[in-house]
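Right, one structure below, let's go through it.
In what follows, every chain begins at residue 1, and chains take the letters A, B, ... in the order their sequences are listed. Just so it is clear, the model here is predicted, and its values are computed rather than measured.
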Protein chains: 2
Amino acid sequence: MRMARARTTSDVFNAIAEPRRRQILELLATRGALAVGTLVVLLGHPQSAVSKHLGVLRKVGVVAVFKQGKQRVYSLDANRLKTVHDWVKHFEQFWDHHLARIKTLAERRAREHAFVHKSQQQKGPS
Amino acid sequence: MRMARARTTSDVFNAIAEPRRRQILELLATRGALAVGTLVVLLGHPQSAVSKHLGVLRKVGVVAVFKQGKQRVYSLDANRLKTVHDWVKHFEQFWDHHLARIKTLAERRAREHAFVHKSQQQKGPS
DNA sequence: ATATTATAGTCCTATATTGGAATATGTCAA
DNA sequence: TTGACATATTCCAATATAGGACTATAATAT
């Protein structure tokens with residue numbers, strides 16, 4: 001069996017792996033709810049492409065639609081993006097500035113510890 | 001020309017769209033640097049698969065390798081994950097609790113404003 | 001009813017990606 | 001050098017995806 005990655009339509013991570021879809025989400029975030037036609041204009045992509053991306057985003061649950069006349073107005077439904085946020089957040093502590101600080105601290109502590117043990121156990125008041 | 005999404009090996013978002021790769025990153029985060037063989041055991045996937053995923057993560061720059069004898073030890077290089085973090089962070093304000101609060105506030109304000117205009121323009125001291 | 005507009009969905013094709021097996025490469029030990 | 005081990009890479013087949021053109025559906029206007 002050849003199972004590739006989880007389906008685009010069922011995994012938020014995969015859904016936002018496509019730049020155009022991220023762009024759509026950004027637009028919905030900054031400009032509020034938008035009709036498909038508006039998105040088509042803003043993005044400059046063919047309508048069928050936009051609709052298909054919206055379909056993916058809809059199925060994965062990061063956007064919501066409602067009809068307004070003959071238009072379909074899409075809006076952000078960002079809750080599932082929190083999943084992504086929570087995931088990357090785990091790695092926060094490993095980003096450079098954090099890392100540098102933590103690492104040097106840890107190393108210094110280790111060195112001092114070793115030193116104390118190797119030499120005379122003198123405790124400074126610092 | 002048929003350009004699909006950005007290459008897995010050049011886009012962090014795409015790189016982490018694959019669950020196994022996320023799993024690898026998680027392992028490197030929680031257990032520190034690990035040799036490929038260890039990862040193979042921990043993940044239970046065939047070595048070639050693990051190596052290939054590591055290759056992607058390496059090319060995209062979220063892991064670093066160094067040789068230790070005949071082993072290759074991989075470690076996290078989380079800086080590029082910050083990109084992802086920063087991106088999703090934009091949507092923070094749209095998550096439910098936030099959204100609910102902000103939305104109702106805005107709506108109430110709008111309603112009050114409309115009311116004031118429709119009726120007698122009385123300004124409370126609040 | 002019919003035309004028009006807005007959008008979704010379908011069909012087709014090119015491409016990227018993945019897994020698996022087998023193989024190549026590199027490193028150490030005897 | 002030869003062999004054993006650790007890992008990367010290559011080749012192949014299956015699948016998912018994306019774009020493009022076209023068609024279907026739905027809502028509105030005439």
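- Residues A:Leu34 and A:Val56 do not share a hydrophobic cluster, defined by chaining ILVMFWY side chains whose heavy atoms lie under 4.5 Å apart.
- Protein atom CD of B:Gln23 is 14 Å distant from nucleotide atom P of C:dT18, rounded to whole Å.
- Scanning residues 38-57 of chain A for heavy-atom distances under 4.0 Å to DNA chain D yields A:Pro46, A:Ser48, A:Lys52, A:His53.
- You'll find that the side chain of A:Arg72 is closest to C:dA8, out of D:dT17, C:dG19, C:dA8.
- Rounded to a whole Å, the CZ atom of B:Arg58 is 10 Å from the C1' atom of D:dT9.
- For the segment residues 60-69 of chain A, residues with any heavy atom less than 4.0 angstrom from an atom of DNA chain D are, sorted by number, A:Lys67, A:Gly69.
- Between the CZ atom of A:Phe13 and the P atom of C:dT17 there is a distance of 19 Å, given to the nearest Å.
- Atom NZ of A:Lys59 and atom C1' of C:dA8 are 10 Å apart (whole Å).
- Residues satisfying the side chain to side chain donor-acceptor pair (under 3.5 Å) criterion with A:Arg58, sequence neighbours excluded, are A:Tyr74.
- Under the side-chain contact (heavy atoms from CB on, under 4.5 Å) criterion, B:Ala64 pairs with B:Ser75, not counting sequence neighbours.
- Whole-Å rounding puts the B:Asn14 CG to C:dT17 C1' distance at 9 Å.
- With sequence neighbours excluded, no residue forms a side chain to side chain donor-acceptor pair (under 3.5 Å) with B:Lys52.
- Residue pairs satisfying the ring pair (Phe, Tyr, Trp, His ring centres under 6.0 Å) criterion with at least one member in residues 9-50 of chain B, sequence neighbours excluded, are listed as follows: B:Phe13-B:Trp87.
- A:Gln47 pairs by the side chain to side chain donor-acceptor pair (under 3.5 Å) definition with A:Ser51, not counting sequence neighbours.
- For A:Tyr74 and C:dA6, the shortest distance from a side-chain N or O to OP1 or OP2 is not below 4.0 Å.
- Atoms CZ (B:Arg21) and P (C:dT17) sit 8 Å apart, rounded to a whole Å.
- Chaining together hydrophobic side chains whose heavy atoms lie under 4.5 Å apart places B:Phe66 alongside B:Val73.
- By the side chain to side chain donor-acceptor pair (under 3.5 Å) test, B:Lys89 is found to be paired with B:Glu92, residues two or more places apart in sequence or in another chain being considered.
- Distance CZ (A:Arg7) to C1' (C:dA16): 15 Å, rounded to an integer number of Å.
- At a threshold of 4.5 Å between non-hydrogen side-chain atoms, the residues B:Leu42 and B:Arg31 count as touching.
- B:Lys70 has its NZ atom 15 Å from the P atom of D:dA8, to the nearest Å.
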